[in-house]
Amino acid sequence: MGAIANRVPVGAEIAMEACASSHYWAGELQARGYHVKLIAAQFVKPYIKSNKSDRVDAEAFCEAMRRPTMHFVAAKTAAQQDIQAAHPIREELVQHRTAKANQIHGLVGEYGLVAPIGIGQLRTALPRWLEDAENGLTDNFRFLLAGLAEDLRYLDDRIATVTERIAHHSKTVPVAKRLMTLRGVGIITASALAGGLGDAKAFKRGRDFAPLTGPDAASTQYRRTRSLAGDQQKETVICGHCWYMVLERSCDTRKARRTT
């Protein structure tokens with residue numbers, strides 16, 4: 001950083017590859033008065049003129065950043081990176097909880113015990129199984145099942161903690177609060193979109209942001225032709241919102257038919 005400060009005047013434009021840690025270095029450079037432009041590597045590749053080297057790559061970035069139609073990646077703040085980290089962590093915890101519940105269902109089934117579908121039903125059944133001395137469970141398996149029940153409670157607590165942080169973000173960040181005024185948008189969707197938006201000024205219109213969520217085949221093709229990286233987590237919440245709107249619309253239609 002000192003070498004850049006000594007050689008590059010403050011206020012200059014600096015192009016960087018949008019890769020791991022690029023948002024951190026973009027923030028550091030912006031704090032020192034530089035204008036940073038992050039570019040996906042796929043956009044720079046057409047401007048590489050010879051075998052790969054640091055000098056050749058730097059020349060390609062300088063050429064790419066001058067293109068008037070170039071797509072730049074919006075640099076994210078530390079707060080946006082925080083909330084973006086929370087969503088994949090929560091998603092992975094939910095997957096672990098689902099796997100743990102399926103494991104419990106499968107193991108107790110070998111002893112003739114069956115719980116209704118759903119984690120809530122399983123939570124209710126576990127204490128009953130452990131306390132029932134006449135259900136055929138051996139002492140050894142009862143000990144193992146108690147450990148699995150404790151694992152499930154731990155995952156529940158972790159998910160609740162992370163969800164609480166996401167809810168706090170949705171209720172305090174202006175962009176997320178505005179998103180929640182839309183019909184069917186809750187704390188998870190609002191937080192995911194607000195965290196992944198970066199600087200909204202980087203998008204000329206809403207359609208430019210839509211391919212980043214990748215909810216349909218057209219967007220997938222758009223990402224391939226434009227070399228934009230889709231976000232599976234945002235895709236999940238967008239698809240969930242779309243299904244909610246479809247189901248709600250269907251319910252409204254059925255109600256209207258009953259009244260006519």
Shortest non-hydrogen separation from [X] to [Y] and the atoms involved:
| X | Y | answer |
| --- | --- | --- |
| Ile166 | Ile187 | CG2-O, 4.0 Å |
| Gln80 | Lys76 | OE1-CA, 3.4 Å |
| Gly136 | Tyr111 | O-CD2, 4.1 Å |
| Ser191 | His169 | OG-ND1, 3.1 Å |
| Ala15 | Ile39 | CB-CD1, 4.3 Å |
| Ala75 | Gln30 | CB-NE2, 4.1 Å |

### Message
Counting neighbours of CZ on Arg165 that are heavy atoms of other residues, nucleotides or ligands and sit closer than 6.0 Å, is the number greater than 12?
### Response
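No - once you tally the heavy atoms of other residues, nucleotides and ligands closer than 6.0 Å, there are 12 at most.
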
With a sphere of 6.0 Å drawn around OH of Tyr154, does it hold more than 12 non-hydrogen atoms of other residues, nucleotides or ligands?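 No - once you tally the heavy atoms of other residues, nucleotides and ligands closer than 6.0 Å, there are 12 at most.
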
Rounded distance (nearest 0.5 Å) linking atom [atom1] of [X] with atom [atom2] of [Y]:
| X | Y | atom1 | atom2 | answer |
| --- | --- | --- | --- | --- |
| His87 | Thr163 | NE2 | OG1 | 9.5 Å |
| Lys37 | Ile14 | NZ | CD1 | 12.0 Å |
| Glu91 | Ile159 | CD | CD1 | 11.0 Å |
| Tyr47 | Arg66 | OH | CZ | 11.5 Å |
| Asp156 | Arg123 | CG | CZ | 4.0 Å |
| Lys100 | Thr98 | NZ | OG1 | 12.0 Å |

Give a yes or no answer on whether the side chain of [X] reaches the backbone of [Y] with a donor-acceptor pair at less than 3.5 Å.
| X | Y | answer |
| --- | --- | --- |
| Thr181 | Arg178 | yes |
| Tyr34 | Val8 | yes |
| Arg32 | Glu28 | yes |
| Arg142 | Leu130 | yes |

Are [Y] and [X] co-members of a hydrophobic cluster defined by side-chain heavy atoms under 4.5 Å apart?
| X | Y | result |
| --- | --- | --- |
| Ile104 | Leu113 | yes |
| Leu148 | Phe143 | no |
| Leu155 | Leu145 | no |

- I would like to know whether Glu59 and Arg55 meet salt bridge (charged side-chain N to carboxylate O under 4.0 Å, His left out); could you show each step before the answer? CA-CA 6 Å; Glu59 183 180 352; Arg55 182 181 292 274; over 6 Å; no

Checklist entry - Stepwise, does the side chain to side chain contact (heavy atoms under 4.5 Å, CB included) test hold for His96 with Asp151? => result CA-CA 10 Å; His96 287 173; Asp151 292 341; over 6 Å; no

With the side chain counted from C-beta on, respond yes when [X] and [Y] share a heavy-atom pair under 4.5 Å apart, and no when they do not.
| X | Y | answer |
| --- | --- | --- |
| Asn135 | Arg128 | no |
| Leu144 | Leu107 | no |
| Met16 | Leu29 | yes |
| Ile188 | Arg90 | yes |
| Arg67 | Phe43 | no |
| Val173 | Ile83 | no |
| Asn51 | Val56 | no |
| Trp129 | Leu122 | yes |

Item to complete: For side chain to side chain contact (heavy atoms under 4.5 Å, CB included), just list the numbers for Glu110 and Phe141, CA-CA rounded to whole Å, side-chain angles, deciding distance to a tenth of an Å, and then say yes or no.
Response: CA-CA 11 Å; Glu110 298 296 329; Phe141 182 75; over 6 Å; no

Partner of His23 under side chain to side chain contact (heavy atoms under 4.5 Å, CB included), picked from Thr77, Val36, Val73, is Val73

